[in-house]
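Residues: numbered from 1 along the sequence shown. Hydrogens, waters and symmetry mates play no part in the numbers below; they use all other heavy atoms, side chains included.
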Amino acid sequence: MGVLLLSSPAFPTFFLFSLIALCLVPQYALASITRHYKFEIKQQNVTRLCHTKSIVTVNGQFPGPRIVAREGDRLLIKVVNHVQHNISIHWHGIRQLRTGWADGPAYVTQCPIQTGNSYVYNFTIVGQRGTLWWHAHISWLRSTLYGPIVILPKLGVPYPFTKPYKEVPIIFGEWWNADPEAVIKQALQTGGGPNVSDAYTFNGLPGPLYNCSAKDAFKLKVKSGKTYLLRLINAALNDELFFSIANHTLKVVDADAVYVKPFETDTILITPGQTTNVLLKTKPHFPNATFFMTARPYVTGLGTFDNSTVAGILEYESPSKTLHSTLPMKKLPLFKPILPALNDTSFATKFSNKLRSLANAQFPANVPKRVDKHFFFTVGLGTNPCNKHNQTCQGPNGTMFAASVNNVSFVMPTTALLQAHFSGQSNRVYSSNLPSSPVIPFNYTGTPPNNTMVSNGTKLVVLPFNTSVELIMQDTSILGAESHPLHLHGYNFFVVGQGFGNFDQNKDPANFNLVDPVERNTVGVPSGGWVAIRFLADNPGVWFMHCHLEIHTSWGLKMAWVVLDGKLPNQKLLPPPADLPTC
């Protein structure tokens, strides 16, 4: 296995022991193991951009600790809440087969962990390997509560690509000098858009293009002639990001912990919630130069955004014992990459079209060929009436911003949906009548209707076990067309088609890719367009689906699927753990 670079200075000793154990176990010992982690949620003073503030962290680390496991391993992660906020943690992309109680979204699969309490997330990694990540799943706390999940293949099983010399997680984030909890609270009170972040970060560091941050830069130190596996994660709250390394080509080999047909690119596009594994082959000889790696947003909406660039440094190890001394690193020429334009939807489309499943005997693409249930969801923005007496809200025309699925803006319950479902008391908590298609069809990407008001409710969709689902997600032009990265909990899905304009049921399905579509857990609905996905509802529970732009989730662009138990014992949701938090 490749050696994992530890970017955090205060890394838990248990991780080092487990890593040593991984290296010492003989190749024939294929048995899965149980790995124990402890997440102490605590406040920690952190300084960025010459601004010190107290942030919510795991174990005092920012970003949080790395979870490392092998396919087939069981994880027991005890989360202890020492802060004044309610907490829940989501293990983004983990299938959670029959263990929905461990999925993490607050008021969906669990009540949050209250101050002074704890909860053990107990789940097994089944049939997955690659890069995923964990993050808080309540309010905007994931702005600082996040970290990588590295899932190695089973012992003795090689990667389907060149074995890397080293593996390096790089997690993209956003930094606010203000408290993000105050930012979203203010936005929801006024009905307007939120204040934007002050910087983007690589592994928590903003880098030299920001004021006061020359020393707070992520450095990737490499050797010549080696192959590195970069595990890229977009943990930003509200921005899709372009990423590139000057004068270097990246080979994409994995998306959302699913292998893809390798392809080379100078730039990748990654939405919040997505992960991408790329191979970086370094230059054969010391280049006598250093190189910037940069990321900046891909922007399609009309709202304000953080129009800045995060930079890290790719630094080659200088050859030792050479007769000729080389220039000091600081005096070497520095090359900078050229990123696509902020609104380069053409690049975004071409990049996403390159992503294809391996679809071979070892890693098949089990695309549902028959479809039991068809759904057509509009996703986009809208408005609610101003709730302030004798005052004007800061949304469009004095209203409050909202977002919706089929014009239903989701209202979070005060108890967990999964608990209500499991206990047979759903009638008090949610209804199962979310429309399967728009109640009033309109020209979705044309001139928007005059009435932009949404309805509000806790409405879900119920699916019998093993239902094969086809879902079309259609962007709308209401308050501006915009790309929406939609994330489905508890499942991977196949992206069988996408296009611009309004989806045409009579023409577009003929062009669906049912052979080798990319399989992932988060997909961008194109700005002014649509995306088609298919999945088999073979995991019982209640599964959240939402836009991973955090402000859109806060405004209501979310829903949930209730997948019923099957007939066999191994097709039923396991009972809740004894320490499940209560509301």
Side-chain angles (χ1 to χ4, degrees), residues 187 191-194 238-240 271-273 298-305 343 345 348-349 352 374-385 395-397 399-411 433-457 459 461 470-488 495 497-509 522-533 545-560:
N238 295 310
D239 294 276
E240 304 183 38
T271 79
Y298 164 54
V299 182
T300 55
L302 300 177
T304 56
F305 63 97
N343 61 350
T345 295
T349 305
S352 61
H374 293 264
F375 295 90
F376 183 94
F377 287 175
T378 56
V379 295
L381 303 185
T383 55
N384 271 317
N397 301 316
T399 63
M400 305 184 78
F401 270 113
S404 67
V405 175
N406 277 350
N407 209 48
V408 177
S409 186
F410 193 85
V411 176
N433 60 349
L434 181 72
S436 60
S437 60
V439 176
I440 303 174
F442 60 98
N443 182 4
Y444 307 114
T445 55
T447 304
N450 292 327
N451 182 4
T452 61
M453 292 291 174
V454 299
S455 63
N456 298 275
K459 298 184 178 183
V461 173
E470 180 178 283
L471 169 62
I472 312 298
M473 291 183 283
Q474 171 76 59
D475 183 34
T476 79
S477 57
I478 296 175
L479 303 182
E482 188 168 357
S483 174
H484 298 278
L486 265 291
H487 171 50
L488 175 59
V495 184
Q498 65 175 22
F500 291 100
N502 298 341
F503 175 74
D504 187 332
Q505 181 60 51
N506 297 317
K507 294 180 181 178
D508 289 325
T522 305
V523 66
V525 179
S527 177
W530 55 269
V531 67
I533 67 171
M545 190 177 82
H546 59 94
C547 183
H548 224 283
L549 301 179
E550 211 61 35
I551 185 58
H552 291 177
T553 301
S554 300
W555 284 340
L557 209 169
K558 48 196 173 187
M559 56 80 66

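- Nearest approach of W530 to V525, heavy atoms of both residues: CA-CG1, 4.4 Å.
- Distance check, rounded to the nearest 0.5 Å: OG1 of T378 to CZ of F442 gives 5.5 Å.
- In this structure, Q498 CD and M473 CE are separated by 11.0 Å, a value rounded to the nearest 0.5 Å.
- The minimum heavy-atom distance between S409 and S404, with the atom names listed, is N-CB, 3.8 Å.
- Of all heavy-atom pairs spanning G446 and S477, the tightest one is O-OG, 2.6 Å.
- Using a 4.5 Å heavy-atom cutoff, the side chains of T383 and V454 are not in contact.
- When the side chain to side chain contact (heavy atoms under 4.5 Å, CB included) test is applied to P194, the partners found at least two apart in sequence or on another chain are W140, V183, A187, I551, W555.
- There is a side-chain donor-acceptor pair under 3.5 Å between T445 and N502.
- In this structure the side chain of P438 never reaches within 4.5 angstrom of the side chain of N407, judged on heavy atoms.
- Remark: S436 OG to F377 CZ distance equals 7.5 Å, nearest 0.5 Å.
- With sequence neighbours excluded, the residues forming a side chain to side chain contact (heavy atoms under 4.5 Å, CB included) with T300 are Y298, T345, E482, S483, S527, listed by chain and number.
- In this structure, P396 and L479 have side chains that are in contact, with non-hydrogen atoms separated by less than 4.5 Å.
- In this structure, the separation between CZ on F375 and CD on E470 is 11.0 Å, given to the nearest 0.5 Å.
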Inset, instruction - Tell me, with the steps shown, if H548 and T271 meet side chain to side chain contact (heavy atoms under 4.5 Å, CB included). - result: CA-CA 8 Å; H548 224 283; T271 79; 5.9 Å; no
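- By the side chain to side chain contact (heavy atoms under 4.5 Å, CB included) test, N343 is found to be paired with A341, residues two or more places apart in sequence or in another chain being considered.
- Side-chain contact between P485 and L549 is present, with heavy atoms from C-beta onward closer than 4.5 Å.
- For D504, the side chain to side chain contact (heavy atoms under 4.5 Å, CB included) partners are N506, K507, D508, not counting sequence neighbours.
- No donor-acceptor pair under 3.5 Å is formed between the side chain of N406 and the backbone N or O of V408.
- Atom CG in L486 sits 9.0 Å away from atom NE2 in H546 (nearest 0.5 Å).
- One distance of note links CG of N450 with CE of M453; it measures 12.0 Å at 0.5 Å rounding.
- By the ring pair (Phe, Tyr, Trp, His ring centres under 6.0 Å) test, H484 pairs with H552, sequence neighbours left out.
- With sequence neighbours excluded, the residues satisfying ring pair (Phe, Tyr, Trp, His ring centres under 6.0 Å) with F376 are Y444.
- The two atoms that bring L381 and I478 nearest to each other are O-CG2, 3.3 Å, heavy atoms only.
- A heavy-atom distance below 4.5 Å is not found between the side chains of M400 and P385.
- Closest approach of V405 to L434, counting heavy atoms only: O-CD1, 4.0 Å.
- Of all the heavy atoms in F410 and K558, the pair that sits closest is CB-O, 3.1 Å.
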